[in-house]
Protein chains: 2
Amino acid sequence: MGLGDRQLKILQAIIKDFITTAEPIGSRTLAKKYDLGISSATIRNEMADLEELGYLEQPHTSSGRIPSDKGYRLYVDHLMKNGTNPQKQKNEIKKKFIKSVGEIEQIIENTAKFISETTKLTSIVLSPQLKQGKLKYVKLVSIDSNVILLIVVSETGIVKNTIIRVDEDYTFNDLEIISRIIDFKLKGIRICDITAFIIENMYEEVIKYSAIVKKIFPALMNALEEMVSIELYLEGLTNIFDLPEYHNIDRARNFMTLLDQKEYLIDLLLSSKEELDITIGKENKHLEMKNCSLITATYQYNGFIVGKIGVIGPTRMDYSYTTSVVRSITRTLSEILNEDKRK
Amino acid sequence: MGLGDRQLKILQAIIKDFITTAEPIGSRTLAKKYDLGISSATIRNEMADLEELGYLEQPHTSSGRIPSDKGYRLYVDHLMKNGTNPQKQKNEIKKKFIKSVGEIEQIIENTAKFISETTKLTSIVLSPQLKQGKLKYVKLVSIDSNVILLIVVSETGIVKNTIIRVDEDYTFNDLEIISRIIDFKLKGIRICDITAFIIENMYEEVIKYSAIVKKIFPALMNALEEMVSIELYLEGLTNIFDLPEYHNIDRARNFMTLLDQKEYLIDLLLSSKEELDITIGKENKHLEMKNCSLITATYQYNGFIVGKIGVIGPTRMDYSYTTSVVRSITRTLSEILNEDKRK
DNA sequence: TGTTAGCACTCTCTTTAGTCGAGTGCTAAA
DNA sequence: TTTAGCACTCGACTAAAGAGAGTGCTAACA
């Protein structure tokens, strides 16, 4: 490497300028705008060097320079000062959350909204992955003679219930016994470890009480499956219209169409295991993401790693500010979720 | 009125053409394309008359004509043949639905997806309004010494539950008694009729058993409130990018921003009580909707009127096809929801 | 009298050419 | 090593010209 001090300063100035203007910048304007103490000609020479080294790009001969992905990478890894995130904002974040009483879903949705509002970008939040969580409680409740309610509760406090309609006769006592057996057998097992095998095993044991288990077991499987399924909250999609890079219809369309694919987004967020990860432009695998950057972070729920937060924006995004927001939000979110637990 | 037969034919041809091409059409092309048996000059004269009567518009002198809102209205009310909706499609619809086992939310979401896919427009589906529904069942279940689960079930089979964390001591017996009293008092009452008054009344009666009711009652209120809240499913937003009228960024942005406002959409759909309602262009109250048309329909759940379906597209949409799709979907949806009940 | 052919005219859209301006690379002087 | 100067480049903008689709009006025709 060995970029000179002056080159770094120039690179930084270019990035800073491009982040706000989205326009290529030339040596003369750079010299005028930023007090670098050197003439435009010198800057010109340095710029040529920086381009040769791959930190800058030139959209066409005789236009200004813009930062390359490599340039952003250098900036993010070494040049960027960690954005100051005043206490003020943190309090505001909390307040915002506190509004949503109880429900985790609400908290997560609000988190996504808050991120997209403060960063003016598109945010994605993945609900906690409960695969690792243990089952806490299973219960069957008779609603009336042909409706049974199945309740499944995870250790982390997620509740799933299913209405089961049955034609078969059953007694309250049968139901209670079945309920207890299932609860006893599954309690404390990690949800991802509850295989069809375990359930089938139980089936044998329980079928003698009543034929309704034929309806109950599929419902149970279903409830467990839903329990570990990941919910995705996407907010601030329309924010991209404010960015000059999306004034082109096709770009906007591609972006939106891409973000419409839930599975893709889940995959995208889960592929990084880091606590905070920045993927810049072409570092992204997917073609449509080549001119986007993605910041992902991991939040904790109940001690073990679980949820994901992501922000998608143009490579030209304000990395310093955005990462500081993301970092602060994950911290606050983890705090709130664990507080909630302790209560 | 008194539009001649020939004028109606011309109007119909223009509308038909404009629906597919989105381009103003002139007398010559109209004469060539559609075998009307009259010359372009005659068409020209008739077009001038139709314009004077307000059924056509001319974007600029010396361009072709396009239908006006009034023209569409005439078309929708009198000219449009009810689109044939082959049995084939109906079966396909059903199949699509049947995939989603059980959960009403799933069925509704799939409905929205299906509509937007078949019409290539943006669809909105409102979940059933449960205000009119009666409460069927309330139960408190002890999960562990400081966690209680509150379950509320409506007659229509919607379940809401809330985890309540308590520090106060309580016995299983207390909990059971409280649970029974609440259930007894509220069972059979329409959810919208359960006022704070009723609940407070009950509070007095129940507080003697344990202090935990202080936590239970707010949770109950909350659960009831959530129960009657309307969910909204929006699908096919990105479809508008395929429409030439939204190749203009600002239009696309306005459209998306408008549809981002849940409250507005709910209001929009609920403001029509008809079984099937078509609102064309300027008939819409909201400025941003002046160049859109909206088709809304009502579906039934459990006998009484409850849910809403909507399709939003440009005034140039294929009314015949779209209404037939919407009509058929509402019918199928009502059927499925009631079948589900009977099971 | 309604219908049609013909024609001059209108207006948008596209293409072409010309100009402007921001920027570059290179050379030579400080 | 830095800087001033200069010729050159290339996209963006503007103006003019031409094409194409359409109109309204007039006059002829069945």
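These figures come from a predicted structure and were not determined experimentally. These values consider heavy atoms only, across backbone and side chains, with no hydrogens, waters or symmetry-generated copies. Here is how names work: the chains are called A, B, and so on, in the same order as the sequence lines, proteins then strands, and each is numbered from 1.
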query: Heavy-atom distance under 4.5 Å between the side chains of A:Phe255 and A:Ile312, does that happen here?
result: yes

- line: Scoring nucleotides 18-30 of chain D by protein non-hydrogen atoms under 4.0 Å (B base, S sugar-phosphate only, - none) yields ----SBBB-----

query: Quick one: B:His60 NE2 to C:dC9 C1', roughly how many Å, whole number?
result: 16 Å

- prompt: Hey, are B:Tyr72 and B:Ser293 close enough side-chain-wise for a donor-acceptor pair under 3.5 Å?
  reply: no

field: Carboxylate-amine/guanidinium contact B:Asp242 B:Lys120, below 4.0 Å
entry: no

- request: Send over the distance from B:Asp49 CG to C:dG2 P, rounded to a whole Å.
  value: 11 Å

d(NZ, B:Lys32; C1', C:dT4) in whole Å: 16 Å

query: Could you state the CD-C1' distance from A:Glu46 to D:dT1, rounded to the nearest angstrom?
result: 11 Å

- prompt: Can you tell me if the side-chain N/O atoms of B:Arg6 get under 4.0 Å from OP1 or OP2 in C:dT3?
  reply: yes

query: Does the side chain of A:Ile115 reach to within under 4.5 Å of the side chain of A:Glu235, using non-hydrogen atoms?
result: no

message: Between P on D:dT1 and CD on A:Gln7, what's the gap in Å once rounded to a whole number?
response: 13 Å

Nearest heavy-atom neighbours spanning B:Arg316 and B:Pro244: NH2-CD, 3.8 Å

query: For the residue pair B:Met47 and B:Ile25, what are the closest heavy atoms and their distance?
result: CE-O, 3.6 Å

